[in-house]
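Worksheet: the structure to be examined is printed underneath.
All chains are named by letter (A, B, ...) in the order of the sequence lines, taking the proteins before the strands, and each is independently numbered beginning at 1.
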Amino acid sequence: MTAAATAGTGGAPAAATSSELLSVVASRELAARRTVFAGIGLPTLAASLAHLTVAPDIEIVYESGVCGAHPDRLPETIADAVLITGAEAVLSMAALFGSVLQGGHIDVGFLGAAQIDRLGNLNSSVIGDWERPAVRLPGSGGAMEVMANSREVFVVMRRHDPRSFVAELDFCTSPGPDRALAEGITPLGAGVTRVITELGILAREGVGEELRLIAVHPGVTAGQVRAATGWDLRVADDLAVVEPPTAAELRLLRDEVDPGRVYLR
Amino acid sequence: MTAAATAGTGGAPAAATSSELLSVVASRELAARRTVFAGIGLPTLAASLAHLTVAPDIEIVYESGVCGAHPDRLPETIADAVLITGAEAVLSMAALFGSVLQGGHIDVGFLGAAQIDRLGNLNSSVIGDWERPAVRLPGSGGAMEVMANSREVFVVMRRHDPRSFVAELDFCTSPGPDRALAEGITPLGAGVTRVITELGILAREGVGEELRLIAVHPGVTAGQVRAATGWDLRVADDLAVVEPPTAAELRLLRDEVDPGRVYLR
Amino acid sequence: MPGGSVCAVDKTMTMKDAIAAFVHDGDTVALEGFTHLIPTAAGHEIIRQGRRDLTVVRMTADIVVDQMLAGGCVTTLVSSFVGNSSAGSLGELRRRIERADPEPLDFREYSHYGMICRYLAGAQRLPFYPLRSYAGSDLPSVNPGIRKVRSPYPGPDGRPEDIHVVPPVSPDVTIIHAQRADRAGNTQIWGLTGVQAEAVYAARKAVVVVEEIVGDEVVRSDPNRTVVPSHAVDAVVACPRGAHPSFAQGYYDRDNAFYRAWSHISKDPARLRDWMAEWVYGTRDHAEYTARLGEDHWAGLAVGEALSLPVNYGRRR
Amino acid sequence: MPGGSVCAVDKTMTMKDAIAAFVHDGDTVALEGFTHLIPTAAGHEIIRQGRRDLTVVRMTADIVVDQMLAGGCVTTLVSSFVGNSSAGSLGELRRRIERADPEPLDFREYSHYGMICRYLAGAQRLPFYPLRSYAGSDLPSVNPGIRKVRSPYPGPDGRPEDIHVVPPVSPDVTIIHAQRADRAGNTQIWGLTGVQAEAVYAARKAVVVVEEIVGDEVVRSDPNRTVVPSHAVDAVVACPRGAHPSFAQGYYDRDNAFYRAWSHISKDPARLRDWMAEWVYGTRDHAEYTARLGEDHWAGLAVGEALSLPVNYGRRR
């Protein structure tokens with residue numbers, strides 16, 4: 001008897017918030033995945049929900065070095081003390097980035113960004129010019145490494161608008177495989193394969209492919225998504241409508257994954 | 001009050017054995033040295049005796065990863081369990097060879113060999129041809145790395161004869177700096193600076209220098225040492241006679257360093 | 001054999017003396033600790049002593065770096081992440097980079113693994129370290145330190161293979177914070193160990209700041225816990241709670257409220273100046289800083305007990 | 001958040017099944033453990049199952065390798081030290097190399113750090129790993145795997161700098177012995193940890209043989225003790241005393257008498273054949289091997305207690 005099967009009983013839950021929607025949709029995409037490199041926030045919620053539903057064997061690996069965390073409180077950062085106590089392993093960062101990530105052990109890496117382009121290249125460095133930027137963003141951190149070394153990358157973007165979905169990045173921090181191949185270097189993975197937003201789901205199969213709109217949330221039209229995207233977004237012939245979060249999914253998310261609503265606010 | 005000061009009292013001890021002689025002479029050469037990379041046997045005896053006499057701050061680092069061992073029994077191998085219990089640190093071999101040894105933290109490395117030449121190059125690989133040797137020896141182990149990365153190297157050779165002190169090595173396992181420089185690569189250290197044998201002490205100042213006989217044991221002549229050496233051995237103008245082990249040194253060696261006579265046999 | 005009774009070198013110093021002895025104007029100073037065990041107290045003492053023209057090396061340039069920038073200590077920053085964790089922005093750093101206000105900042109930008117590899121190359125005395133990052137990124141175009149090497153072995157497809165490399169970093173001094181050390185400098189860390197060992201081995205000198213100095217027998221009961229051996233350490237400084245607002249696993253929790261507050265404090269230059277005056281220049285040392293926070297504050301960061309189970313190292317009979 | 005109650009994947013297998021599943025004729029098999037925790041029992045099971053044409057990768061080719069050679073399992077050996085510790089020689093290995101008796105051995109020779117770097121390159125998916133060994137040595141002249149790269153940065157003297165490199169090794173399977181693991185494969189080692197983690201990460205598959213399988217709560221009480229996380233492990237085999245004649249820190253001591261005896265056993269082909277017949281082919285499994293040694297023998301290798309002091313990982317209140 002799985003938790004997902006039982007959580008469906010009882011009265012109808014309240015409608016999903018934006019955070020809940022994104023978490024649920026992302027969790028479904030993790031079916032059958034084993035190792036997920038996740039930051040705190042929606043990626044952790046998605047992976048934790050997937051663990052209770054579509055991917056029981058999933059392991060979340062954190063950039064700080066934690067593998068197999070079993071926190072008794074929801075962590076607030078990727079290096080939260082509650083992630084370490086009771087974890088299965090804590091590695092040095094050299095081992096984590098070298099052997100685990102670059103070594104090819106990550107199935108799905110989660111990334112965010114300020115800008116994304118049609119090939120799934122990401123900017124988290126600057127808005128404007130690097131030398132004297134209008135806005136200095138945090139930079140790569142480990143994002144470039146997650147992109148180069150995960151088998152695929154999922155991007156969760158709360159905001160879907162032409163300032164974030166751009167024809168041309170101000171700066172390419174984390175390049176997808178097309179840009180690496182243009183330099184004659186073959187990366188391990190496929191780059192960004194899923195972008196989950198408040199409007200729908202964009203997908204990309206791999207090298208040479210552009211992101212395409214494959215699904216919209218109920219009530220959203222392809223035209224709306226195209227208008228919110230800074231390039232001429234392709235739309236799948238068989239455009240689907242995202243199935244809304246089920247009562248079971250929402251109950252698990254609210255009662256088991258984030259009962260304190262640390263991230264579901 | 002140091003142990004060395006007190007150990008000099010009492011009756012005269014028995015004459016030194018060959019092992020004791022080599023250990024005592026090697027220990028004196030460690031004056032003011034801090035970190036010693038030592039294998040088990042005479043090098044460990046020498047470093048332990050030096051710790052009680054001329055080099056109180058000395059730290060022995062073992063190839064197996066142990067730093068600051070405080071064994072309650074004399075170890076039989078470089079990875080003996082008694083070296084680990086109570087040690088100050090145990091490092092992975094990658095850290096030990098990478099950060100400690102190649103990183104340049106070793107003042108003196110001890111090496112042995114089947115053959116040594118006039119520049120202090122060492123052979124521990126084969127007698128005869130590498131492809132089909134007359135005798136297959138253990139090989140480099142970490143010897144090559146000790147030679148390349150220690151500030152200086154001490155060699156203790158029980159046997160001093162023309163088969164071991166050769167004009168031409170059958171195979172160069174661990175090259176001194178002259179051979180490295182001939183390849184255009186600058187090593188960290190000076191290579192072999194001391195060779196301690198049953199006949200006396202050979203010394204070498206650094207790059208471009210040959211080993212010279214600087215001291216003989218009482219009763220040994222320079223001619224005897226030259227006859228036992230496979231090349232035309234130079235002799236220092238101020239050839240000294242090695243001061244025999246003192247009663248204090250022998251007592252420390254016998255009573256504190258190796259009371260079970262594991263290596264002093 | 002030398003036994004435990006022999007006195008090792010005592011490297012304990014006060015924070016004031018350690019910073020005076022090992023951090024000089026113009027030095028390259030690495031401060032490491034990834035979210036966990038950030039050497040904040042050492043950063044504050046560098047500010048109090050008025051060091052200038054430093055090159056600061058730190059993977060995550062966060063609050064302590066923003067404070068050192070505000071203290072006017074830093075002309076060059078080598079880093080892979082310039083942000084206030086997930087809690088917001090670094091006001092002083094953004095003003096320096098976005099508007100050269102009050103002066104420009106020479107920023108050498110890498111990725112996390114690029115920084116780790118620079119420490120690895122420094123620790124291992126290598127001329128470069130190879131890594132599978134940077135291909136297709138714009139970062140090499142603004143950082144000439146990132147280069148490429150051709151492998152002397154054929155690639156998987158049989159053709160020549162290129163790979164990016166980064167140069168070693170060899171700080172004049174690396175400063176880390178740890179849970180405990182003995183007086184000789186054998187340093188034990190648990191929980192996140194980050195890049196501390198590599199950063200120490202990469203440096204010419206190393207200062208270890210600890211929550212507590214413990215007896216030799218504590219360290220020696222568990223030698224695998226020693227992340228940095230004494231031969232790599234030059235000074236040991238006892239400074240309880242010296243990692244605040246970050247955390248020390250098993251000692252105190254992260255001050256998340258302070259992280260959130262910092263974005264607001266640092267955004268406003270006047271407020272930032274006041275904060276520095278009160279909490280850094282206005283305190284003699286870290287003991288005064290922690291006392292000013294007050295015991296109620298520390299009670300809120302206190303942690304309960306979750307002890308490791310012992311292992312047997314064995315003893316020959 | 002997912003809690004400790006969720007069942008992880010159970011990877012426990014018998015030695016027989018693990019060797020059958022993960023070691024195939026013609027494979028490249030790494031066996032690691034530097035003096036400590038040598039996976040002897042796994043080597044014996046490989047011999048019993050009659051594997052052929054293996055490439056064995058092992059830094060210190062010692063007794064277990066001599067036995068696998070005698071079992072006719074090995075055509076290629078990749079190693080940096082071919083000797084019976086400090087106790088003498090390996091008879092079968094010397095006959096193979098010195099006289100091609102009973103057949104030649106393809107020997108790929110490196111130095112210790114060269115082998116470590118090959119594992120590091122394999123683990124980190126690098127085309128090569130640079131190291132400051134080999135300059136001036138004759139080893140590169142007999143091993144074309146050792147090459148050179150020119151650094152893209154000027155050397156200390158301003159001129160171009162060359163450095164030697166070794167290629168990655170990516171074993172089909174790496175087998176290690178450890179003190180303990182949980183059923184999912186989180187593996188804890190204390191005392192000498194050698195090159196085990198790197199050897200596992202370099203491999204396509206990994207088998208961990210342990211003194212004991214422990215509950216999740218034991219491993220999770222001390223996550224820093226986990227040297228190999230479960231995601232890198234494919235099979236966990238419980239095999240007490242499986243490292244004999246080497247030792248397992250805190251479990252049993254090294255059988256030094258057996259090391260000394262091996263030089264004599266292996267020197268004489270007839271005596272070696274008899275030993276193999278009695279102790280490997282003549283035992284069903286390692287349990288029978290340890291029983292045949294007898295409890296008196298094991299009593300002589302028993303160790304006393306020297307427990308690590310606990311550390312506090314802390315718990316949020």
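- Taking chain A as the reference chain and counting heavy-atom pairs below 4.5 Å, the highest number among G83(C), S111(C), S133(C) is found for S111(C).
- Residue R147(C) qualifies as enclosed at atom CZ: its count of foreign heavy atoms under 6.0 Å is above 12.
- The side-chain contact (heavy atoms from CB on, under 4.5 Å) test with L192(C) is passed by exactly one of L91(A), V66(A), L83(A): V66(A).
- Counting heavy-atom pairs closer than 4.5 Å to chain C, the top-ranked of the candidates G184(A), S140(A), G176(A) is S140(A).
- For the pair E161(C)/I185(A), no side-chain contact is recorded, criterion being any heavy-atom separation below 4.5 Å from C-beta on.
- Among the residues in residues 121-130 of chain A, those with a non-hydrogen atom closer than 4.5 angstrom to a non-hydrogen atom of chain C are S125(A), W130(A).
- In terms of heavy-atom pairs under 4.5 angstrom with chain A, the leader among V195(C), V142(C), T193(C) is V142(C).
- Of all non-hydrogen atoms in P175(A) and A135(C), the two that sit nearest each other are CG-O, 3.1 Å.
- Looking at Y259(C), neither its backbone nor its side chain comes within 4.5 Å of chain A, counting heavy atoms on both sides.
- For L96(A), no part lies under 4.5 angstrom from a heavy atom of chain C.
- At a heavy-atom cut-off of under 4.5 Å, chain A is reached by I97(C), E98(C), R99(C), A100(C) from residues 96-105 of chain C, listed in order of number.
- Here the straight-line distance linking atom CZ of F81(C) with atom CD of E63(A) works out to 8.0 Å at 0.5 Å rounding.
- Ranked by heavy-atom pairs shorter than 4.5 Å toward chain A, the options R94(C), Q196(C), M115(C), R159(C) are led by R94(C).
- Ranking V135(A), L101(A), V90(A) against chain C, the residue ahead of the rest is V135(A), based on heavy-atom pairs under 4.5 Å.
- In this structure, D138(C) and R179(A) have side chains that are in contact, with non-hydrogen atoms separated by less than 4.5 Å.
- Nearest heavy-atom pair across L137(A) and V82(C) is O-CG2, 3.6 Å.
- For the atom pair R136(A) CZ and E109(C) CD, the distance stands at 4.0 Å (nearest 0.5 Å).
- Residue with the most contacts toward chain A among L131(C), D157(C), V227(C): L131(C) (heavy-atom pairs, distance under 4.5 Å).
- There is no contact between A182(A) and chain C, counting heavy-atom distances below 4.5 Å.
- For K267(C), the NZ atom counts as loosely surrounded, since its 6.0 Å shell holds 12 or fewer non-hydrogen atoms of other residues, nucleotides or ligands.
- The contact between A134(A) and chain C is made entirely by backbone atoms, counting heavy-atom distances below 4.5 Å.
- For a heavy-atom cut-off of 4.5 Å, chain C lies close to M144(A), E145(A), A148(A), N149(A) in residues 144-156 of chain A.
- If you measure heavy-atom distances from T173(A) to chain C, the contacts under 4.5 Å come from the backbone alone.
- Contact annotation for residues 102-119 of chain A against chain C (heavy-atom separation below 4.5 Å, listed by residue number): Q102(A).
- Between chain C and the options G139(A), A87(A), G142(A), G86(A), heavy-atom pairs under 4.5 Å are most frequent for G142(A).
- Without hydrogens or angle criteria, S137(C) side chain to C172(A) main chain gives a donor-acceptor distance under 3.5 Å.
- Smallest separation of non-hydrogen atoms from A306(C) and T85(A): CB-CG2, 3.7 Å.
- Minimum heavy-atom separation, E183(A) to Y134(C): OE2-O, 4.0 Å.
- For the pair A94(A) and E198(C), the tightest heavy-atom approach, listed with the atom from each and the gap, is CB-OE2, 3.7 Å.
- Here the closest heavy-atom approach between residue G98(A) and residue Y113(C) is recorded as CA-OH, 3.3 Å.
- Between F97(A) and H112(C), the ring planes are perpendicular. Angles over 60° get that label, and only those under 30° would be called parallel.
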